[in-house]
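Okay, structure first, notes after.
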Amino acid sequence: MIQVKKEGIILEKTIRGFENEGVLNPATILVGDTIHMFYRAVSKGNYSSVGYCNLQNPLVVHERSDVPIIFPQFDYEVHGVEDPRIVKIDDLYYLTYTAYDGVNALGALATSTDLVNWEKKGIIVPQMTYAEFSRLAGSKGVINEKYLRYNEHHKVTERKGKPVYVWDKNVIFFPRRINGKIHFLHRVKPDIQIVNSITNIEELTVDFWQNYFLRFNESITLSPKYPHEISYMGGGCPPIETEKGWLIIYHSVQDTLKGYVYAACAALLDLENPQKEIARLPYPLFKPELSWELKGEVNNVCFPTGAVVIGDTLYIYYGAADERIACATISISALLTELMLNTPKNEK
């Protein structure tokens with residue numbers, strides 16, 4: 001079993017109004033010698049914005065902003081800007097987040113050339129009712145019954161005067177084009193899906209998504225397989241390019257007697273065809289074990305969202321119990337070796 005070192009808490013909430021309930025689920029990117037961290041900051045009433053700090057030592061905060069960097073401005077995000085992830089593609093930084101309007105939680109995008117000034121592009125995932133999703137995704141046959149369980153919303157079609165949509169979250173871009181195309185992961189429970197056929201964001205139209213869901217089964221990249229991920233799973237950190245494939249650090253969810261348990265997990269996807277799974281650990285990379293992971297705003301949570309590689313060390317930044325930000329480290333070469341022992345061929 002792979003060895004992971006939990007380095008401890010990196011960032012905690014403050015008395016500032018925008019982050020006095022919790023800090024969690026950070027996006028991280030290494031530029032030069034500086035790690036830029038964009039984190040979810042929660043205020044009273046569960047309203048979220050994005051705070052900022054930077055680290056010149058991977059485990060020590062150097063500078064921290066006393067105001068949010070990205071905050072709710074539009075109706076589609078009026079209740080929160082949540083769970084950012086960040087990559088750089090070509091000369092542009094892509095920061096994805098979950099926009100929450102009090103009813104629907106949907107993937108949105110902001111872009112920047114300098115990590116300071118951000119242009120919001122709006123919601124980029126479909127705004128689709130479960131009835132429409134079911135009709136399209138089920139056009140070629142029966143879909144997994146868990147899609148009904150997690151997305152049908154007890155047949156409620158309207159809430160607070162707004163239509164209820166299928167929640168599509170955890171939008172995470174690959175950090176470069178693959179065969180000239182932009183790729184990103186997203187999640188309609190319980191699986192992780194992939195978009196792999198666009199050259200620019202403007203192609204994500206209503207027609208695009210309708211055609212996409214007509215071939216929905218072809219888009220599924222990772223599905224629950226092991227006990228620790230049996231309830232559902234979702235994207236975590238942005239994919240990391242390695243010689244063995246795209247390293248995916250994702251989160252898994254298991255329903256237990258103590259409630260849902262969120263763990264960090266690892267898989268490998270093919271470099272040229274990331275829809276193809278190469279390997280997956282049959283056990284969590286790490287899970288809630290320490291007091292500050294077991295108890296918080298939401299108990300039993302290790303939720304990985306940011307990662308940087310320095311030398312052979314992979315630093316994984318994660319939300320701990322939805323209240324604080326922590327870091328775990330691992331040898332990336334050792335992790336790749338362990339993953340290659342868990343390919344489909346080796347499972348037989």
Side-chain angles (χ1 to χ4, degrees), residues 25 27 82-85 87 94 96-98 105-109 124-126 128 133 137 143-151 166-175 178 181-198 204 209 212-213 215-241 245-255 260-271 273-285 301-307 316 318-319 339 342 344:
N25 304 355
E82 305 176 352
D83 302 347
R85 276 84 160 193
V87 301
Y94 289 67
T96 49
Y97 61 92
T98 296
L106 300 168
L109 172 67
I124 61 171
V125 298
M128 183 177 292
F133 164 81
I143 60 175
N144 185 338
E145 63 181 12
K146 283 190 175 182
Y147 283 101
L148 171 65
R149 173 186 172 187
Y150 289 122
N151 300 287
V166 170
W167 284 20
D168 195 335
K169 303 170 60 176
N170 298 307
V171 175
I172 306 168
F173 282 81
F174 285 72
I178 303 171
K181 299 293 186 180
I182 291 175
H183 288 56
F184 64 85
L185 302 172
H186 65 118
R187 198 280 306 280
V188 177
K189 286 182 181 178
D191 305 318
I192 299 175
Q193 299 88 23
I194 192 169
V195 169
N196 59 5
S197 61
I198 63 170
L204 298 173
W209 285 114
Y212 176 89
F213 282 111
R215 302 181 299 278
F216 183 61
N217 283 337
E218 298 173 17
S219 73
I220 297 171
T221 299
L222 293 170
S223 295
K225 180 178 181 181
Y226 298 110
H228 62 276
E229 58 192 19
I230 196 63
S231 293
Y232 57 91
M233 58 203 302
C237 308
I240 299 165
E241 187 170 5
W246 291 105
L247 174 60
I248 305 296
I249 306 298
Y250 63 96
H251 72 267
S252 67
V253 184
Q254 180 181 15
D255 195 359
Y260 285 127
V261 175
Y262 287 73
C265 307
L268 274 177
L269 305 180
D270 186 84
L271 282 178
N273 178 18
Q275 196 164 341
K276 177 183 177 182
E277 179 183 345
I278 295 175
R280 189 190 314 195
L281 291 187
Y283 55 84
L285 191 58
V301 174
C302 289
F303 196 90
T305 49
I316 300 173
Y318 63 99
L339 277 163
N342 291 279

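Only this structure's heavy atoms are used, side chains among them; waters, hydrogens and symmetry mates stay out.
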Of all residues at least two apart in sequence or in a different chain, which pass the side-chain hydrogen bond (donor to acceptor under 3.5 Å, both in side chains) check with E229?
-> Y250, R280

Can you name the residues that form a side-chain hydrogen bond (donor to acceptor under 3.5 Å, both in side chains) with Y212, not counting sequence neighbours?
-> H186, S219

On a heavy-atom basis, the closest approach of P126 and L106 is O-CD2, 4.0 Å

Under a 4.5 Å cut-off applied to non-hydrogen side-chain atoms, are L222 and L185 in contact?
-> no

Please report the closest heavy-atom contact between I192 and G234, naming both atoms and the distance.
-> CD1-C, 3.5 Å

F303: partners by ring pair (Phe, Tyr, Trp, His ring centres under 6.0 Å), with sequence neighbours left out = H251

Under 4.5 Å between any side-chain heavy atoms of D270 and W246, yes or no?
-> no

Please examine the side chains of D191 and Y147, heavy atoms only from C-beta on, and report whether any two atoms are closer than 4.5 Å.
-> yes

Do the side chains of E82 and N25 get nearer than 4.5 Å, heavy atoms only?
-> no

Heavy-atom donor-acceptor pair, W167 side chain to Y150 backbone, under 3.5 Å = no

For N151, check side-chain hydrogen bond (donor to acceptor under 3.5 Å, both in side chains) against everything at least two apart and list the hits.
-> none

By side-chain contact (heavy atoms from CB on, under 4.5 Å), which residues pair with N217, not counting sequence neighbours?
-> I220

What residues form a side-chain contact (heavy atoms from CB on, under 4.5 Å) with P282, not counting sequence neighbours?
-> Y226, N342

Taking all heavy atoms of A307 and all of I240, pick out the closest pair and write down the distance.
-> CB-CD1, 4.1 Å

Identify the two heavy atoms, one from D255 and one from S231, that lie closest to each other, and give their separation to 0.1 Å.
-> N-OG, 3.0 Å

Pairwise side-chain contact, L269 with P239, heavy-atom cut-off 4.5 Å (strictly under) = no

Residues two or more places apart in sequence or in another chain: which of them pass side-chain contact (heavy atoms from CB on, under 4.5 Å) with A279?
-> L268, L339, T343

Side chains of T221 and Q193 in contact at under 4.5 Å (non-hydrogen atoms) = no

With sequence neighbours excluded, residues passing side-chain contact (heavy atoms from CB on, under 4.5 Å) with P238 = R85, V87, I172

Sorted by chain and number, sequence neighbours left out, salt bridge (Lys or Arg N to Asp or Glu O under 4.0 Å) with D83 holds for R40

Heavy-atom side-chain contact between I198 and L204 under 4.5 Å | yes

Tell me, please, which residues at least two apart from Y232 pass side-chain hydrogen bond (donor to acceptor under 3.5 Å, both in side chains).
-> Y262

Quick one: does S252's side chain have a donor or acceptor within less than 3.5 Å of a partner on H228's backbone?
-> yes

Heavy-atom count around K181 NZ within 6.0 Å, excluding the residue itself: above 12?
-> yes

Kindly indicate, with the supporting measurements, whether the criterion side chain to side chain contact (heavy atoms under 4.5 Å, CB included) is fulfilled by F173 and L109.
-> CA-CA 10 Å; F173 282 81; L109 172 67; 4.2 Å; yes

Are any non-hydrogen side-chain atoms of C265 and M233 less than 4.5 angstrom apart?
-> no

Closest heavy-atom contact between G235 and N170?
-> O-OD1, 3.8 Å

Parallel, tilted or perpendicular: ring planes of F174 versus H183, cut at 30 and 60 degrees = perpendicular

